[in-house]
Amino acid sequence: MKIIGKKILIEKLPTEEKVGGIYIPVKNRKSNEGIVVAVGDTVTEVKIGDHVRYFKGHGQPINYNGKDCLFLSIGINKNDVEVIL
């Protein structure tokens, strides 16, 4: 996937794991965390594989390769990313 501009695509990380039919919360993981899977051609702040936390309610949801992902803006004027972990 080629992204143009100051956008990134992140895969949302699950907040719970299924163990033997029981869902267990993942320790210390917030519901608004993800891993960068693609970056725009002008993005220098993050790279593929970075772990980020984004503002809740921000971004455009998309299903990419069967996974829940979000398009987020990144940059000085508009930034949907809260912190790079």
Side-chain angles (χ1 to χ4, degrees):
M1 173 181 284
K2 181 171 173 93
I3 301 175
I4 299 171
K6 297 290 267 182
K7 299 273 189 184
I8 62 173
L9 180 68
I10 64 154
E11 178 185 336
K12 294 165 56 174
L13 292 174
T15 56
E16 55 189 17
E17 294 177 350
K18 188 175 182 181
V19 179
I22 299 172
Y23 287 96
I24 300 173
V26 176
K27 188 176 180 182
N28 298 328
R29 184 168 298 156
K30 306 284 184 196
S31 63
N32 57 335
E33 292 183 15
I35 300 217
V36 178
V37 294
V39 296
D41 54 358
T42 60
V43 173
T44 58
E45 295 86 356
V46 296
K47 62 185 181 305
I48 294 173
D50 281 351
H51 188 129
V52 298
R53 186 174 297 145
Y54 55 92
F55 291 107
K56 288 185 180 181
H58 286 234
Q60 176 66 41
I62 184 174
N63 190 315
Y64 178 68
N65 288 340
K67 298 179 181 174
D68 288 332
C69 296
L70 280 176
F71 272 117
L72 299 171
S73 296
I74 190 163
I76 296 170
N77 296 331
K78 179 164 173 49
N79 196 356
D80 293 332
V81 175
E82 185 176 5
V83 67
I84 302 165
L85 302 172

(message) So, using salt bridge (Lys or Arg N to Asp or Glu O under 4.0 Å) as the criterion, who are the partners of Lys6 when residues are at least two apart?
(response)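 For Lys6 the salt bridge (Lys or Arg N to Asp or Glu O under 4.0 Å) partners, ignoring immediate neighbours, are Glu45.
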
(message) Among residues at least two apart in sequence or on other chains, which ones pass salt bridge (Lys or Arg N to Asp or Glu O under 4.0 Å) with Lys56?
(response)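 With sequence neighbours excluded, Lys56 shows a salt bridge (Lys or Arg N to Asp or Glu O under 4.0 Å) to no residue whatsoever.
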
Listed partners of [X] passing side chain to side chain contact (heavy atoms under 4.5 Å, CB included), at least two apart:
| X | result |
| --- | --- |
| Ile35 | Leu13 |
| Lys47 | Asp50 |
| Asp68 | Lys12 |
| Val19 | Ile24 |

With rounding to the nearest 0.5 angstrom, report the [atom1] to [atom2] distance, [X] to [Y].
| X | Y | atom1 | atom2 | value |
| --- | --- | --- | --- | --- |
| Gln60 | Leu72 | CD | CG | 10.5 Å |
| Cys69 | Glu11 | SG | CD | 5.5 Å |
| Lys78 | Lys7 | NZ | NZ | 6.5 Å |
| Lys67 | Ile10 | NZ | CD1 | 13.0 Å |

(message) Strictly distance-based, threshold 3.5 Å: is any side-chain N or O of Asp41 a donor or acceptor partner for the main-chain N or O of Gly5?
(response)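 Flag set: sc Asp41 to bb Gly5 pair under 3.5 Å.
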
(request) Taking Asn32 for its side chain and Tyr54 for its backbone only, find out whether a donor-acceptor pair lies under 3.5 Å. (result)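 Yes, because the side chain of Asn32 sits within donor-acceptor range (under 3.5 Å) of the backbone of Tyr54.
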
(message) With a 4.5 Å cut-off on side-chain heavy atoms, are Asp80 and Leu70 touching?
(response)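 Not in contact.
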
(request) Indicate yes or no: at least one non-hydrogen side-chain atom of Val81 is less than 4.5 angstrom from one of Ile8. (result)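 They are in contact (side-chain heavy atoms under 4.5 Å apart), so the answer is yes.
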
(request) Decide whether Leu9 and Val46 are clustered together by the hydrophobic rule: side chain heavy atoms of Ile, Leu, Val, Met, Phe, Trp, Tyr closer than 4.5 Å, transitively. (result)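 No: no chain of side-chain contacts under 4.5 Å links Leu9 to Val46.
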
(message) Are Val39 and Ile74 connected into the same hydrophobic cluster when the rule is that any two of I, L, V, M, F, W, Y join if their side-chain heavy atoms are below 4.5 Å apart?
(response)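 They do share one cluster, since a chain of ILVMFWY contacts under 4.5 Å joins Ile74 to Val39.
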
(message) Under the rule for ring-ring contact (aromatic ring centres under 6.0 Å, His included), what residues qualify as partners of His58, not counting sequence neighbours?
(response)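 Testing His58 for ring-ring contact (aromatic ring centres under 6.0 Å, His included), a comparison that skips the adjacent residues, returns Phe55.
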
